[in-house]
Amino acid sequence: MSNTSYLNELNDVQRQAVSHIHGPLMVIAGPGSGKTRVLTYRIAHLINNDVQPYRILALTFTNKAAREMKERIERVVGPAANKVWAGTFHSVFARILRVEAPKIGYPGDFTIYDRDDSKSLVNDIIKNLRLDKKVYNANALLSRISSAKSNLITPQLYAQDAELMSYDKMQKRPMTHEIYKRYVNRCFNAGAMDFDDLLLQMFRLLHKNPEEVRAKYQRMFEYVLVDEFQDTNYLQYRIIKLLVDYEGSPYNICIVGDDAQSIYSFRGATIENIFQFENDFPEVAVYKLEQNYRSTEHIVKAANEVITFNKKQIKKEIWTDTPGGNKIKVMRAISDSEEGRIVSNAIIEYKNRYHLANSDIAILYRTNAQSRVFEEHLRRNDLKYKIYGGLSFYQRKEIKDVLAYVRLTVNPRDDEALRRVINYPRRGIGKTTLDKLAEYAREKEISMWHALVEVAPGVRSRKQMEEFIELIKSLRQKNQMSNAYETVLYIVNKTGIYEHLRSDNSIEGISRLENINALMDGVKDFVEQDEVIEDEFTSMDRSLSGWLQNVALLTDLDNDPDEKDFITLMTTHSAKGLEFPAVFVVGLEENLFPSFMSMGTSEEVEEERRLFYVAITRAQQYLSLSYAASRYQFGQIRFNDPSRFLEELGDENLETVEGRRHGSSGGSRFPEPKKIGGIKKLRQSRRAMPAIDVANFSPSPTEKIIEGAEVLHLKFGKGKVVKIDGARDNRVATIEFENIDDPTRRIMLRFAKLQVLG
DNA sequence: GGGGGCTATGGGGGG
DNA sequence: CATAGCCCCC
């Protein structure tokens with residue numbers, strides 16, 4: 001046995017968990033309690049105890065987590081770490097399905113439909129059925145379909161389920177089951193799997209082939225570990241059980257999780273799996289990691305405090321033995337843009353006072369749309385930053401266009417890809433032709449590609465269609481003879497995409513071209529990867545098809561940025577598992593965090609609270625929370641109360657910051673907020689703020705704004721002009737507003753949006 | 001029958 | 001603020 005000095009880096013509970021080799025094991029791990037360390041050291045420990053690396057399966061939820069895990073294992077055991085089956089549920093199953101999918105009727109080169117593909121497919125089905133797409137909302141239907149799949153409810157079972165059917169009837173969507181059925185058929189006929197299918201088809205594969213397939217993987221995966229178990233759904237748990245729960249199994253299953261950090265119930269995750277696990281594996285050994293090594297005392301205490309407002313939880317209290325540290329700062333901004341300014345000013349101050357690097361700092365928000373104002377202010381202050389998520393590289397139009405051709409090259413039955421590019425670049429195949437084609441395909445239950453081949457000879461746009469067919473055939477032929485890079489190069493040239501983009505000299509056009517080039521570089525890297533791992537699953541993976549499968553499951557989070565020292569901007573969801581010396585959690589307002597979409601039931605609010613818990617526990621030393629009194633949301637100004645979560649942190653952990661004056665900093669049209677009171681007091685004063693009917697708001701011409709006029713301002717509400725000074729373009733109105741804390745405001749008429757009343 | 005421009009509509013978190 | 005669908009022109 002090799003070096004086991006890593007055991008000395010662990011506390012007692014951690015060490016027990018790591019050294020637990022045989023039988024089921026559950027680790028409940030609070031934030032910052034060394035969960036990843038336990039997981040990786042346990043894998044290293046297994047390898048040191050002569051377990052073959054490729055017989056260890058470690059499932060995570062993000063590629064990043066999987067990659068980090070591998071890197072950390074490698075530091076202990078060396079290159080053998082690369083043979084561990086560590087990856088996301090989706091990527092590991094996709095890898096297996098590439099080999100095994102033909103056993104359940106799919107091609108090995110199956111396409112992965114992303115969310116947009118699924119959505120346009122559902123919309124097409126709705127159109128075919130002549131249903132009202134306002135009633136039959138594609139997103140609602142997709143979430144219905146997704147949750148059916150995640151609960152192993154087939155279209156047949158769905159139609160027999162009285163509860164589901166009556167719910168749909170109540171929602172005025174009685175045809176949901178029919179849409180579900182058609183959706184499944186259309187995906188299957190296109191040789192495509194959506195994200196849920198990667199799990200569902202894996203389940204079906206194991207379930208239907210107990211001898212050849214299931215037994216093979218049961219034997220292969222001697223040890224199974226699941227990270228973030230609280231985020232698993234029913235289907236994922238069933239797959240895990242198929243792999244480890246069988247006659248004669250060693251039951252070497254280890255799950256790691258924290259119910260307080262369960263934030264994915266919207267995609268079917270259920271904490272019930274934790275309770276179920278204890279029932280299914282009664283001999284399970286349970287270890288609770290509660291000592292927090294990450295954050296200073298006030299942060300830890302506030303986190304404990306806030307989570308007690310949730311009824312549903314496994315009792316657990318995190319603690320730290322390093323007392324002291326800063327209190328949590330709470331900052332109020334008058335508007336969303338002001339919030340951007342306050343936060344970037346605070347960042348500058350932190351960097352100076354605490355000598356922080358950009359990379360020590362993160363701004364976390366509830367929704368991607370909030371990133372814009374921070375971006376603006378950070379750029380203005382020359383602070384380097386990187387935004388994660390949002391429109392990822394692979395979701396950009398030009399990238400999706402190229403990928404659609406790649407998909408067609410690999411699998412011409414891919415209807416969604418075909419629809420996307422059959423007329424891009426323009427080749428004279430319009431809506432009418434496409435509709436005819438689609439109808440033909442639907443009647444004969446064949447793919448659009450086959451329809452195209454059959455229909456082409458006898459119709460008016462014959463020539464264009466035949467050209468397209470020849471194009472795709474030539475791409476396929478090229479792919480037979482060349483490597484992935486050469487084929488993609490051929491694709492962008494032969495299809496005319498490259499030419500088309502090069503003729504566009506706008507800034508957007510140039511950036512599109514750059515993106516295509518970046519994509520090409522990516523393929524090249526992929527092809528030239530020199531790492532050779534010879535097994536049934538990876539030896540063939542340098543192909544175009546392998547590359548496609550790879551990128552289909554990548555997200556923005558997976559790209560390493562060129563610049564190293566940057567401030568991180570990301571959603572609270574994607575921040576899970578990360579930590580930063582200084583964290584700014586922003587937009588802490590009712591209707592935003594908690595989200596207006598999740599305020600209906602107490603369960604939903606509890607999930608939002610767990611999300612908040614995740615957010616604040618990312619901070620190691622300096623935590624700042626901010627909220628804006630007014631904010632642009634959906635194209636209008638909204639006034640929201642400060643988030644309820646701010647009141648749940650325990651006042652002794654908070655420090656409410658006075659708005660500092662930065663008179664010369666300019667840029668903002670809004671005066672600094674003056675004295676900031678306690679949050680409760682603010683709440684009351686805010687309530688007096690009238691909601692402005694934005695639809696009927698129309699700014700008056702500036703000459704109408706004279707002394708004594710009653711005016712309405714979009715952000716500040718109703719007020720009276722007391723004075724006008726300056727001349728022409730530089731006129732400034734002094735206005736007393738009725739319902740804001742700091743009523744006297746000076747407003748530049750050139751920029752102001754004021755409506756004269758009466 | 002295809003192409004281009006305009007209007008209306010919807011808008012969360014992610015593999 | 002982005003995309004889909006619609007209308008009008010070629």
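Chain letters run A, B, ... following the sequence lines, proteins first and then strands; every chain starts at 1.
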5' to 3', nucleotides 5-14 of chain B under a 4.0 Å protein heavy-atom cut-off (B base, S sugar-phosphate only, - none) gives -----SBBBB

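For Tyr106(A), the ring pair (Phe, Tyr, Trp, His ring centres under 6.0 Å) partners at least two apart in sequence or on another chain are Phe188(A). For Phe309(A), the ring pair (Phe, Tyr, Trp, His ring centres under 6.0 Å) test picks out no residue, with sequence neighbours left out. With sequence neighbours left out, the salt bridge (charged side-chain N to carboxylate O under 4.0 Å, His left out) criterion links Lys463(A) to Glu467(A). Residues passing the salt bridge (charged side-chain N to carboxylate O under 4.0 Å, His left out) test with Glu514(A), sequence neighbours excluded: none. Residues passing the ring pair (Phe, Tyr, Trp, His ring centres under 6.0 Å) test with Tyr237(A) are Phe229(A), sequence neighbours excluded. Under the salt bridge (charged side-chain N to carboxylate O under 4.0 Å, His left out) criterion, Arg204(A) pairs with no residue, sequence neighbours left out. With sequence neighbours left out, the side-chain hydrogen bond (donor to acceptor under 3.5 Å, both in side chains) criterion links Asp227(A) to Lys35(A). With sequence neighbours excluded, the residues satisfying ring pair (Phe, Tyr, Trp, His ring centres under 6.0 Å) with His500(A) are Tyr424(A). Under the rule for a salt bridge (charged side-chain N to carboxylate O under 4.0 Å, His left out), the partners of Arg407(A) that lie at least two apart in sequence or sit in another chain are Asp117(A), Asp414(A).
dA4(C) atom P lies 11 Å from atom NZ of Lys397(A), rounded to whole Å. Atom CG of Leu434(A) is separated from atom C1' of dG1(B) by 13 Å (rounded to the nearest Å). Put simply, CZ on Phe195(A) is 8 Å from P on dG15(B), counting in whole angstrom units. In this structure, Leu437(A) atom CG and dG1(B) atom C1' are separated by 15 Å, rounded to whole Å. Put simply, CG on Asp124(A) is 13 Å from C1' on dA4(C), counting in whole angstrom units. Distance NZ (Lys64(A)) to P (dG15(B)): 12 Å, rounded to an integer number of Å. Protein atom CZ of Arg419(A) is 12 Å distant from nucleotide atom P of dA4(C), rounded to whole Å.
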Given Watson-Crick or G-U pairs with both distances under 3.5 Å, what dot-bracket string fits DNA chain B, with | for other-strand pairs and [ ] for crossing?
||||||||||.....

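Asp415(A) CG to Ile422(A) CD1: the interatomic distance, rounded to the nearest 0.5 Å, is 10.0 Å.
Proximity of Lys436(A) to the phosphate of dG1(B): a side-chain N or O atom is located under 4.0 Å from OP1 or OP2.
A cation-pi contact, defined as under 6.0 Å to the ring centre and within 45° of the axis, is absent between Lys436(A) and Tyr440(A).
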Distances under 3.5 Å between protein N/O atoms and the N/O atoms of nucleotides 5-10 of chain C, please, pair by pair.
none

